[in-house]
Colleague: 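First the structure, then my questions, so here it is.
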Amino acid sequence: MKKLGFDKWVVVITVTTAALLQTIDSSIVNVTLNQMMGNLGASLGDISWVVTGYAAASAVMITMSGWLTAKLGRRNYFAASIILFTIASIFCGTSTNVWELVFFRVVQGIGGGGLLTTAQSILIQTFPKEDLGIANAIFGMGVIIGPSIGPTLGGYITDNLSWNWVFYINIPFGILATFLTYTYIKEPAEKVMAGKMDWLALILLIMGIGGLQIILEKGHEEDWFDSTFIIGMSIAAVVGLIGFIWRQLAVKMPILDLRLLKQRRFSVGTLFNFILGFGLFASVFIIPVFCQTILGFTASQTGLLLMPGSLATGMMMPIVGGLLSKNYISPIWYAAIGFLMFFGFCFDLSAISLVAGPDYFFWPLIIRGIGMGLIFIPLTTITLSDLKTIEIPQGSALTNMIRQLGGTFGTAIMTTYISTRTMFHASRLGDNVSLYNPLSAERIRQYTSLFLSKGDALVTATSKAYSVLHGAVIKQALVMTYADAFLIIGAFFLICVPLLLLFIGKKIEAPAHTEMVME
């Protein structure tokens, strides 16, 4: 086998650029929603569809990407996804009302959904085994760092430019990635056959995956099953998912090959990808919310807070990739150490308080970044190690879809948990706020005296004193809730360590690459 030389590293740059476009856009919009609401005259409920529409469309397309790659050709589908994503970004930036923006965000999600999975399969099918660790390391930087730097970049744009530039910055990178795709990415010599479009399966997929994504994104806002909309979407999602699974197992050439889950390493690795997505997106979600809501950080300050951890991940990726290529120890041990480090990060932040400053987060986020670097590449190697070359596009589609769903589940669960748990802690703390409690009575007296000194009447001063004390109770309840949330996220990662024993068995090797058609 002749190595691809310089061209293969250009392929890495190409697919990593495309992956960054998708992963950054999954989080960059979140910090600029308030500015969008003001400029477009939209309500919070309306503007939230900007995030939900993109996530739902992206999840459906990730699921279909393996079939579309086989049907259209790998390079053609990858390039078409980049082009569609870039054009949609232009129209998102020029939107004049919220529903126009939502429509083009859905189109952007259709393009973005094909980028991540196809990029990963291109790398695995392009690189010889001895180089695959480094290649996956560079690609993994885009996958893991993207969601972390999205808020940083979005915060800077929000503070210094306008929301439109959140989308315009995609244009030069999209043009570059398209040019490099047509120049350097080739078709594999071993073609994968694809059947005709199964329209029933497509409808069931949109109902199932799209409906589930919408439920998770909008459930908290709609008060979950007290809403007829959520109940209706839940019925559609259940019918769609069950029907889609039945259809994929019944036909000879499915859109998504669920039979791959019969392989133990692939099925358990897919479960771990769900947990990875859960922890990655849940932690990226709750840290900015805590820092901005409780500690009063700006969007830019919060983004800069996350940057060192992202850089730590970026530095670890090539190191882990190089170690894996040397086969010193099994990838299982790297992943186990990474899961333990992520648990350590969560356990450390479970002691968070109102006096926490930027320095408090530095080392926990560094630990998290190193842990993520240790998890991603070994987990990819473990999960795909037993697949045949022609099965890799389908395997990548399934694992990436599960990881994205894990992230959506993590965000939805944490949003609901924070809301309900805060009320629980506030109720318990509020029981101690009484004139019969010497400490709270003294605090009320101090606040009342303060407002009296500013000229307020006794009744007004007393009312304000109770309001201030109530605000302090809610704030402390939020701190306790976020501490609990970190422990819950950490528990998921701690459980993974003994589950890694399921991988112990025959030797784990990186998936073999495919001979390229050099045009």
Colleague: Do F272 and F339 have their ring centres less than 6.0 Å from each other?
Modeller: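 Ring centres of F339 and F272 closer than 6.0 Å.
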
Colleague: Which distance, rounded to the nearest 0.5 Å, do you find between the CZ of F244 and the CG of L205?
Modeller: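 One finds 4.5 Å between CZ of F244 and CG of L205.
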
Colleague: List the atom of G111, the atom of S81, and the distance in Å for their closest heavy-atom pair.
Modeller: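 So the minimum-distance heavy-atom pair works out to O-CB, 3.3 Å.
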
Colleague: When you look at N170 and Q108, which way does the side-chain contact (heavy atoms from CB on, under 4.5 Å) test go after all the steps?
Modeller: CA-CA 11 Å; N170 294 328; Q108 192 184 41; 3.5 Å; yes

Colleague: Please report the closest heavy-atom contact between V107 and A88, naming both atoms and the distance.
Modeller: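 Taking V107 first and A88 second, the nearest heavy atoms are CG1-CB, 3.9 Å.
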
Colleague: Do the side chains of F342 and L276 get nearer than 4.5 Å, heavy atoms only?
Modeller: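 In short, these two side chains do not touch, never coming nearer than 4.5 Å.
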
Colleague: Let me confirm one number: the CE-CD1 distance from M207 to I235, rounded to the nearest 0.5 Å.
Modeller: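 Answer rounded to 0.5 Å: 10.0 Å.
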
Colleague: Quick one: CD1 on I82 to OG1 on T181, what's the gap to the nearest 0.5 Å?
Modeller: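 Taking CD1 in I82 and OG1 in T181, the distance rounds to 3.5 Å.
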
Colleague: Take atom CZ in F103; do more than 12 heavy atoms of anything else shown fall under 6.0 Å from it?
Modeller: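 No, not enclosed.
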
Colleague: Answer whether the closest heavy-atom distance between the side chains of I370 and T313 falls below 4.5 Å.
Modeller: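 SC-SC contact between I370 and T313 ruled out.
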
Colleague: Are I489 and M414 side-chain neighbours, meaning at least one heavy-atom pair lies under 4.5 Å?
Modeller: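 In short, these two side chains touch, coming nearer than 4.5 Å.
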
Colleague: If you apply the rule side-chain contact (heavy atoms from CB on, under 4.5 Å), what do you find for F347 with L487, and how did you get there?
Modeller: CA-CA 6 Å; F347 184 78; L487 280 179; 4.0 Å; yes

Colleague: Counting C-beta onward and ignoring hydrogens, is there a side-chain heavy-atom pair between L115 and F78 closer than 4.5 Å?
Modeller: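 SC-SC contact between L115 and F78 confirmed.
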
Colleague: If I take atom OG from residue S267 and atom CD1 from residue I402, how far apart are they, to the nearest 0.5 angstrom?
Modeller: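 Between atom OG of S267 and atom CD1 of I402 there are 11.5 Å.
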
Colleague: Taking the side chain as everything from C-beta on, heavy atoms only, tell me whether F493 gets closer than 4.5 Å to C346.
Modeller: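 They are not in contact (no side-chain heavy atoms under 4.5 Å apart), so the answer is no.
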
Colleague: Taking side chain as C-beta onward, heavy atoms only, is L212 less than 4.5 Å from F409?
Modeller: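 Result yes, sub-4.5 Å side-chain heavy-atom pair found.
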
Colleague: On a heavy-atom basis, which atom in F486 and which in I287 lie closest, and how many Å separate them?
Modeller: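 Scanning both residues completely, I find the closest heavy atoms to be CZ-CG1, 3.8 Å.
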
Colleague: Does the side chain of F167 come within less than 4.5 Å of R105's, by heavy atoms?
Modeller: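 Counting from C-beta outward, R105 and F167 do come under 4.5 Å.
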
Colleague: Roughly how far apart are M233 CE and T228 OG1, rounded to 0.5 Å?
Modeller: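 So the CE of M233 and the OG1 of T228 are separated by 12.0 Å.
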
Colleague: Write down the atom of T14, the atom of A177, and the distance for their closest heavy-atom approach.
Modeller: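 In terms of heavy atoms, the two residues are closest at CG2-O, 3.7 Å.
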
Colleague: Is there a side-chain contact between I413 and F278 in this structure, where contact means two heavy atoms from C-beta onward sitting under 4.5 Å apart?
Modeller: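 I413 reaches F278 side chain to side chain.
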
Colleague: Mind listing the closest non-hydrogen atom pair of A237 and G211 along with its distance?
Modeller: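 It is CB-C, 4.1 Å.
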
Colleague: Can you see which heavy atom on T481 is nearest to which on Y417, and at what distance?
Modeller: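 That closest heavy-atom pairing would be O-CE2, 3.9 Å.
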
Colleague: To the nearest 0.5 Å, tell me how far I83 CD1 sits from I175 CD1.
Modeller: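 Interatomic distance, I83 CD1 to I175 CD1, rounded to 0.5 Å: 10.5 Å.
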
